[in-house]
Amino acid sequence: MTTEQLDAYKLSCLGGQLNSSLLQLDHLTHLDLSLNDFEGLQIPEFLGEFKHLRYLNLSYASFAGLVPPHLGNLSTLHYLDIYADSGMEIENPSWLSGLSSLKHLNLGFVTIHSSDAKWLHAVNMIPSLLELYCHGCELQDMAVTLPFVNFSSLSVLDLSQNLFNSSFPEWLSTLTSLTRLDLSTNSFSGSIAVDFGKFESLEDLHLSLNNFSGPVPVTLGNLCYLRKLGLASGRFSGDISGLLNSFTGCQTVSLEMLNLNSNDLVGELPDSIGLFKNLKHLDLAYNSLWGSIPASIGNLSALEVLYLHSNKMNGSIPESFGRLSELRDLNLIANSWQGVITEAHLMKLTRLESLMLSSSSLVFKVDPQWIPPFRLDYLQLEDCTVGPPFSTWLQVQNRLTQVKLQNVGISDTIPKEWFSELSAEILVMDLSENQIRGELPEELVSPKLEMLDLSSNRFEGFLPRWSTNATQFYIHENSLSGPIPRDIGTLMPRLRNLHLSDNTLNGTIPLSICKMADLQVLSLRNNYLSGELPDCWRDLSTSSLWVVDVSNNSLSGEIPSSMGLLRSLGMLLLSENNLVGEIPSSLQNCSALTSIDLGENQLSGEIPSWLAENLSATFVLRLRSNQFHGQIPEALCNLPLLHFLDLSHNNLSGGIPKCLDNLTAIVYGNSSELYYQETKVVTKGRAYDYNRNLALLNVIDFSENNLSGPIPEEMTKLLSLRVLNLSSNHISGAIPEKIGDLKVLETLDLSHNQLSGEIPATLSSLTFLTHLIVSYNNFSGKIPAGRQLQTFDASSYQGNPFLCGFPSRVKCPTESITTTAPPTTGTEPEDEEDEIFELGTGLYVSIVLGFGFGFLGLCVTLLRKEFRKKDIEW
């Protein structure tokens, strides 16, 4: 309803205080004040003085407050409706017993204060009652053990949306005249031990959104006049065929609506489904059904809605599906369908408006030139084979408001006209994860668009000037080129997520991006953008901007100090650019920062201690390959959530801080934040690709600096550390004996230092160690034996002339030279180059549990580590 319509409606309503002069209407029998606006006034007490009143309707009239008990004096009343559209209450329902002639009572959404089932005892004094509506009244007590009630002629009972949490009441089974029973949206539990065969007149039965369990009563099959059966969102179990087959005794099955959504039902759909010829709405989604859809489904000539999504259906869809000429809404996604879909499945679906289907084993074999008889409003096809061509049956769908063709094998071009025809009405468009080619229209106007995802395709040409109110815009992983439109912030003022990464875009980052007041994620990484970072972040100081990712471009200049005004900033990813200068001190105001990646730039100066003092939520700190100098600040030890610390390839000097055992996230391996991010660990000769929880990838990399002094004993307390790289420094002394306490360590690189003494035998207890380099030091003595250490070849130990024993060729005293190495399962030979750790934020996903940053991102599956071999260069 528009504002104008609402104003016109209010002008037509009665309102104000009701005058008691109405009592002069001595013989008034019918009073209807419904659909008016009394603006929260209380129902007048004098209404209880109309001695001859038979009909009173006060519903939807905006009365509020206590319902006067004086209404209980209306002993001749047959019809009472005080359905509450505003807050109304009954303090004590006992007065209802005075309505001895009442046949129809509607107290919908009137809060009834009742203990010990007073409401039921009061209603039980009205034997003439035929219809009782007490939905949403906050009732709690049902008097479960009451054997019978006096209103045995009741035909309608609606107790939905209350707070009942008992078993199925005994007295309900005595109401055999019921035509409608609604107990939905309560907390009833237990099995239903009721012989529904006694309810011969029952037409509507609604028990959804409860905790009923056990099998669905097969006695329901005796209700041949039943039209609506709602048993959704419960805990019903057993084979679906038991219920459906129970109706075979009916000469005609009257059922029009069957809703068993979200239960624990199993089994295959039986052929008896074809008996339900009056069925219009069938919802069996979110169960564990399997098998095929029986061919008898084609007999359901009245079927309009079919939901079978989110089951375990692993069979085929019959061609008889094509006979469902009344079908409007079809949802079969989240199953494992097999076989093919042809024109025969679709040819008579003339009324079809919504089609949802997914399965990696399902193939559409439709003539590319076939024109279907339907024009869809909603189309969702996922993970099935629809392409390669963008067929005519898709091109003619020009009335779509939502379309999702994700990972369906289309490798064709899409006519620009198709985008233009949909642009005015489209709400959601997702064509991601295909190989769609060609160019997009230069300009599009989509005022209703909310989400656009064209990612992971092969679109070429310029980024279109898309005028839209969309909040989500994903067009990453394509081959788009040219500049980002200068007025993009004006064209898309409501954007929250802008993903343009992994294209070939060039030019500068336009200042108008800062006009997107609702922006939360800005991802421009892996392009050819140049120039300086825009210094307009002040305009977004009150926004919820959480991610800025412009990594792997050609940006230059300094990091703007105005970035420090982004109080909600959680991830700042500026790596692999040409940025210079120092880290601006204003960033210490971004207290929500969890991930800071400034690696592979030309930044200089000392690493500021405020990184730890003010940014205590930091989860990832990556400053590798810059020109930082000075010592590693001891303040970094005060980052309790830090899991990834990479300061490699700088000019840092001094010793390794002894306080690193204060990094509790690496000590205990836990954190109040889960953080998923793509990570790559690359070594000369081998690459390790991660797409995993960084809480499991605890890393410290101080390699390629000028650090000196010993390895602190405290580092052996980092019990969850998986990667430690201290190579190419001037570190001296011995390896701490307790290095063997790092039980989950996978990578250890201490090469190119001045370490001495014997290699501790405790290293042999590191059963997860797959990458070890201690080459080019001053170690002496025998290389420790041990199953894990025997997997590494001589290159891991080379450059230590005083080491002896296998796998080196230097013979230790009292032993012979072993010339045959045991089978290896670990590393290939490594040269003197150190490991490189590179972060790429493909997912920007964070679940903040302890800090209230107000950002909930997408939670992704933790994938296993994958290994990729490269050729070895010597």
Which donor-acceptor pairs under 3.5 Å do the side chains of residues 470-479 make with protein atoms, sequence neighbours left out?
unit_1, atom_1, unit_2, atom_2, d
T471, OG1, E450, O, 3.3
Q472, OE1, Y474, OH, 2.8
Q472, OE1, N497, ND2, 2.4
Y474, OH, N497, ND2, 3.3
E477, OE1, S456, OG, 2.8
N478, OD1, N457, N, 3.3
N478, OD1, R458, N, 3.2
N478, OD1, F459, N, 3.1
N478, ND2, L454, O, 3.0
N478, ND2, I475, O, 3.2
N478, ND2, H476, O, 3.2

*How would you list, by chain and number, every residue that makes a side chain to side chain donor-acceptor pair (under 3.5 Å) with D412, sequence neighbours excluded?*
none
_Using a 3.5 Å distance criterion without hydrogens, assess whether the side chain of N698 forms a donor-acceptor pair with backbone atoms of L721._
no
*Is N589 reaching over with its side chain to a backbone N or O of L565, donor-acceptor style, under 3.5 angstrom?*
no
*Decide whether D383 and S360 meet the rule of one side-chain donor and one side-chain acceptor closer than 3.5 Å.*
no
*Show the numbers, then the answer: is there a side chain to side chain contact (heavy atoms under 4.5 Å, CB included) between N469 and L449?*
CA-CA 6 Å; N469 288 317; L449 186 66; over 6 Å; no
*Is a donor on one side and an acceptor on the other found under 3.5 Å between the side chain of D549 and the backbone of S523?*
no
_So that I can tick it off, tell me whether K515 and D487 are bridged by a salt bridge, with the cut-off set at under 4.0 angstrom between side-chain N and carboxylate O._
no
*Over 12 non-hydrogen atoms of neighbours within 6.0 angstrom of CZ in R538*: no
*Backbone N or O of L394 within a donor-acceptor pair of the Q397 side chain at under 3.5 Å?*
no
*Can you tell if the side chain of F390 reaches within under 4.5 Å of the side chain of T413, non-hydrogen atoms only?*
no
_N553 versus N526, closest heavy-atom pair with distance_ = ND2-N, 4.0 Å
*Could you tell me the separation between the CD1 atom of I583 and the CE atom of M563, rounded to the nearest 0.5 Å?*
13.0 Å
_Please check this pair: side chain of S568 against backbone of W546, looking for a donor-acceptor N/O pair closer than 3.5 Å._
no
_Could you tell me if the side chain of P640 sits less than 4.5 Å from the side chain of L663, heavy atoms only?_
no
_Student check: side-chain heavy atoms of I488 and L495 closer than 4.5 Å_ = no
*How far does CG of L623 sit from CD of E600, to the nearest 0.5 angstrom?*
10.5 Å
*S609 side, atom OG; N614 side, atom CG - distance, nearest 0.5 Å*: 8.5 Å
*asked:* Among S575, S648, S703, which residue satisfies the side chain to side chain donor-acceptor pair (under 3.5 Å) criterion with R624?
replied: S648
*Check whether any side-chain heavy atom of F644 lies under 4.5 Å from a side-chain heavy atom of T618, and answer yes or no.*
no
*Calculate, to the nearest 0.5 Å, the distance between atoms CG and CG belonging to D749 and N725 respectively.*
4.5 Å
*asked:* Atom CZ of residue position R375 - does it have more than 12 heavy atoms of other residues, nucleotides or ligands inside 6.0 Å?
replied: yes
*With a 4.5 Å heavy-atom cut-off, do I607 and I632 have their side chains touching?*
no
*Taking N434 for the side chain and L431 for the main chain, is one N or O donor matched with an acceptor at less than 3.5 Å?*
yes
*Decide whether S562 and D535 meet the rule of one side-chain donor and one side-chain acceptor closer than 3.5 Å.*
yes
Less than 3.5 Å apart, which donor and acceptor atoms pair up between the side chains of residues 527-534 and the rest of the protein, not counting sequence neighbours?
unit_1, atom_1, unit_2, atom_2, d
N527, OD1, N503, N, 3.2
N527, OD1, T504, N, 3.3
N527, OD1, L505, N, 3.0
N527, ND2, L500, O, 3.1
N527, ND2, L524, O, 3.1
N527, ND2, R525, O, 3.2

_For the backbone of K416 and the side chain of S420, can you confirm whether one donor and one acceptor N or O come within less than 3.5 Å of each other?_
yes
*asked:* Considering only residues two or more places apart or on different chains, which pairs with a residue in residues 385-408 satisfy salt bridge (Lys or Arg N to Asp or Glu O under 4.0 Å)?
replied: E382-K404
*How many angstroms lie between CD1 in I559 and CG in L587, if you round to the nearest 0.5 Å?*
6.5 Å
*Can you find a pair of side-chain heavy atoms, one from V445 and one from S423, that are under 4.5 Å apart?*
no
_When you compare the side chain of L652 with that of F702, does any pair of heavy atoms fall below 4.5 Å?_
no
*asked:* Treating N601 as the side-chain partner and N577 as the backbone partner, does any N or O pair qualify as donor plus acceptor under 3.5 Å?
replied: yes
*Is it true that R465 and E442 have a side-chain N and a carboxylate O under 4.0 angstrom from each other?*
no
*asked:* If the condition is side chain to side chain donor-acceptor pair (under 3.5 Å), which residues does S455 pass it with, not counting sequence neighbours?
replied: D453
_Regarding W370 and S391, do their side chains bring together a donor and an acceptor under 3.5 Å, going by distance alone?_
no
*Roughly how far, to the nearest 0.5 Å, is OG of S432 from CG of N407?*
8.0 Å
_Donor-acceptor contact below 3.5 Å, side chain D539 vs main chain W537_ = no
*Please list, chain by chain and in numerical order, all residues satisfying side-chain contact (heavy atoms from CB on, under 4.5 Å) with T392, sequence neighbours excluded.*
Q369, I371, V396
_S354 side chain near Q380 side chain, heavy-atom distance below 4.5 Å_ = no
